[in-house]
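Values in this document were obtained by computation on a predicted structure and should not be read as measured data. Naming: A, B, ... by sequence-line order, numbering from 1 per chain.
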There are 2 protein chains.
Amino acid sequence: MNKMTLLDVSLIKNLDPFVGMEDTALQDVLDLSDSMHYAKGKMIFREGDQAKCFYLLLDGHIRVVKTSPHGEQIIARVISSGELFGIAKALHRDTYPADAVAAVDCLVLCWSNRHWDKIVNAYPSFASNTNKTVGKRLAETQARVMELATERVEQRVASTIVKLAAQTGKKTNEGILIDFPISRQDVSEMTGTTLHTVSRLMSAWESKGWVKSGRQKITLLESHKLAMVAAGHDKN
Amino acid sequence: MNKMTLLDVSLIKNLDPFVGMEDTALQDVLDLSDSMHYAKGKMIFREGDQAKCFYLLLDGHIRVVKTSPHGEQIIARVISSGELFGIAKALHRDTYPADAVAAVDCLVLCWSNRHWDKIVNAYPSFASNTNKTVGKRLAETQARVMELATERVEQRVASTIVKLAAQTGKKTNEGILIDFPISRQDVSEMTGTTLHTVSRLMSAWESKGWVKSGRQKITLLESHKLAMVAAGHDKN
DNA sequence: ATCGCTAATTGCGATTTCGCAAATAAGAAT
DNA sequence: ATTCTTATTTGCGAAATCGCAATTAGCGAT
């Protein structure tokens, strides 16, 4: 789509999916890609769509969302820059397993799935890095099952915002800001609870001075306190 | 360990992990394996152990169990015959992510991880089948997150026993029997609830004639009714 | 600056699910 | 057959969380 813009190898050279690849190989792969921009709120692909591309997020944040048979949504994960997404091919799927929505304006590279086998076969470290990514996601998902099965809402919410802060956090003079718009509803969809309960928890933490939050904005002031709550320790 | 016993290609020829492989290839792979027996209750590997082997279950059932930091256990999945397990290499892990326990006497093949790369490189369809398995497990795990996040206990328990019946069920003249010893506690560890709640649900269903259950034994008489409950429909 | 929309807050009663405790039952071992 | 161990059942009160509803607040668009 955008073959005119020259994409430089340095854009992707240091990203996890490409470690271990030669510059010439990177250039070859880059030459197969299109670069795309998605405005905040745009849907990049939808659950069940035929998977015709796979993607690399260069800049922004993406929410991966699944919808239950009864219409409730849950956020399966948040993709940050440097991560692959929509890699249905790696899982031998021919449809996407979830919606991908731009949480902010996003810059992505995308490749036609036609190129997948070619790339995977030509560059074993790419294949290997991909497997590693999938393995990590499986482990994370499994960890979430554990949390949902054994922890109370308060712990899950604390743990989720601490993890988000670690993943996407930006230091400000007040504390660590979660660097994309995130509502109470979003947090509830990541933790299996309701926006009401999240709101109550945030209010309680705010009154203790542990967080400072506003409309779609969360700043952690005392992340260690929250980490304690996440771990299920004392609740003072 | 058991090179004396001649293992025949027909043992594994039709199993998912090996579809698309030539008989000679299968024989080569088989020649690298050891066959092992694990008595009911034996632990095959433990979470965090250095992963030195990967396994194929030839006969029996295996519980894959994770333990939370606070000691609660949850059953991540149940492995049935024909499935690979302990494939840490496929996920680029060097430790096992969970315990594997023989739910009944089990017959397994195992391979040293030394052989993993060799096998994967020599037999692309094995690599591909493995990716597919991992993809399926990721999807299942994700589905479980959805259930835990959005459904009530009753639905989750119903859904779990229906799925177990589909996976391991054995037709009897009464109905579909889940073909390995499974306690109320086990079910609770698969659904994120307590054995008490499971017991109450089973009692209720038994009094409606939907199931018949005893000590570590569950038979589904009216699985469609349970499937309705699982789907969250009426509760009559 | 004002309007309008969406997000957030919070009180309160309703439900769900838990957790304890005590009793019973089913097999396994002797 | 008897004893022992482990699984199951069930009542009941407690706790966590939900869900509704009404209000308030923040921010973008006009």
Side-chain angles (χ1 to χ4, degrees), chain A residues 39-41 63 68 70-75 103-105 147-158 160-161 178 180-208 211-219 229 232 235, chain B residues 39-41 63 68 70-75 103-105 147-158 160-161 178 180-208 211-219 229 232 235:
Chain A
K40 172 176 170 176
R63 285 196 304 265
S68 82
H70 297 304
E72 300 104 321
Q73 301 206 320
I74 76 135
I75 297 179
V104 294
D105 287 3
E147 287 191 0
L148 284 163
T150 66
E151 295 177 5
R152 281 171 309 124
V153 168
E154 183 183 35
Q155 300 174 53
R156 303 202 305 263
V157 172
T160 295
I161 68 179
I178 293 177
F180 63 94
I182 183 167
S183 67
R184 305 291 183 260
Q185 173 81 38
D186 290 333
V187 175
S188 75
E189 289 176 4
M190 301 182 74
T191 51
T193 181
T194 61
L195 77 167
H196 307 284
T197 298
V198 172
S199 181
R200 287 183 254 262
L201 288 169
M202 298 292 286
S203 296
W205 293 333
E206 184 135 16
S207 73
K208 290 179 185 170
V211 305
K212 187 158 174 319
S213 75
R215 194 189 173 86
Q216 306 200 83
K217 195 160 65 63
I218 302 177
T219 304
V229 172
K235 42 197 55 178
Chain B
K40 173 176 170 175
R63 284 196 305 265
S68 82
H70 298 303
E72 300 104 320
Q73 302 204 322
I74 74 135
I75 297 179
V104 294
D105 289 2
E147 286 191 1
L148 284 163
T150 66
E151 294 175 6
R152 281 172 308 124
V153 169
E154 183 184 36
Q155 300 174 54
R156 303 201 306 261
V157 172
T160 295
I161 67 179
I178 292 177
F180 63 94
I182 184 166
S183 67
R184 304 291 183 260
Q185 174 81 38
D186 290 333
V187 175
S188 75
E189 289 177 3
M190 300 182 74
T191 50
T193 182
T194 61
L195 77 166
H196 307 284
T197 298
V198 173
S199 179
R200 287 184 253 262
L201 288 169
M202 297 291 288
S203 296
W205 293 333
E206 185 134 17
S207 73
K208 290 180 185 170
V211 305
K212 189 162 175 318
S213 74
R215 194 188 175 87
Q216 306 199 83
K217 197 161 63 63
I218 302 176
T219 304
V229 172
K235 40 196 55 177

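- Using a 4.5 Å heavy-atom threshold, the side chains of B:V187 and B:L201 count as separate.
- Taking only distance into account, the side chain of A:H196 never meets the base of D:dT17 through a donor-acceptor pair shorter than 3.5 Å.
- B:S199 has a side-chain polar atom (N or O) that falls below the 4.0 Å cut-off from OP1 or OP2 of D:dT9.
- If you take CH2 of A:W205 and P of C:dA8, they are 15 Å apart, rounded to a whole angstrom.
- The shortest distance between the side-chain N/O atoms of A:R184 and the OP1/OP2 oxygens of C:dT9 is below 4.0 Å.
- Atom CE of B:M202 is separated from atom C1' of D:dT8 by 11 Å (rounded to the nearest Å).
- Listed pair B:S203 / D:dT10 meets the phosphate criterion, a side-chain N or O lying under 4.0 Å from OP1 or OP2.
- Among the heavy atoms of the strands lying under 4.0 Å from A:S183 are primed sugar atoms or P, OP1, OP2 only; no base atom is included.
- Regarding B:I218, its CD1 atom lies at a distance of 16 Å from the P atom of C:dA26, rounded to whole Å.
- Across the protein-nucleic acid pair, A:R200 atom CZ and D:dA21 atom C1' stand 12 Å apart, rounded to whole Å.
- Side chain of B:R156 to main chain of B:E151: a donor-acceptor pair is present (N/O by atom type, distance under 3.5 Å, no hydrogens or angles).
- With rounding to whole Å, A:L201 atom CG is found 12 Å from D:dA16 atom P.
- One cannot find a donor-acceptor pair under 3.5 Å joining the base of D:dG28 and the side-chain atoms of A:R215.
- Formation of a donor-acceptor pair under 3.5 Å by the A:D105 side chain with backbone atoms of A:K40 is found in this model.
- Distance NE2 (A:H70) to P (D:dG19): 13 Å, rounded to an integer number of Å.
- In this structure, A:K212 atom NZ and C:dT9 atom C1' are separated by 16 Å, rounded to whole Å.
- Between the CG atom of A:L195 and the C1' atom of D:dC18 there is a distance of 11 Å, given to the nearest Å.
- Along DNA chain D, the nucleotide nearest A:E151 and the nucleotide nearest A:K217 are compared for position; the residue whose nucleotide lies closer to the 5' end is A:E151.
- Under the 4.5 Å side-chain criterion, counting only non-hydrogen atoms from C-beta, B:T197 is not in contact with B:S188.
- Phosphate contact (OP1/OP2 of D:dT17, side-chain N/O of A:T197, threshold under 4.0 Å): absent.
- Using a 4.0 Å heavy-atom cutoff across all strands shown, B:T194 reaches sugar-phosphate atoms only and no base atom.
- The phosphate of D:dT17 (OP1 or OP2) has no side-chain N or O of A:T193 nearer than 4.0 angstrom.
- A:T191 places none of its side-chain heavy atoms less than 4.5 Å from the side chain of A:V153.
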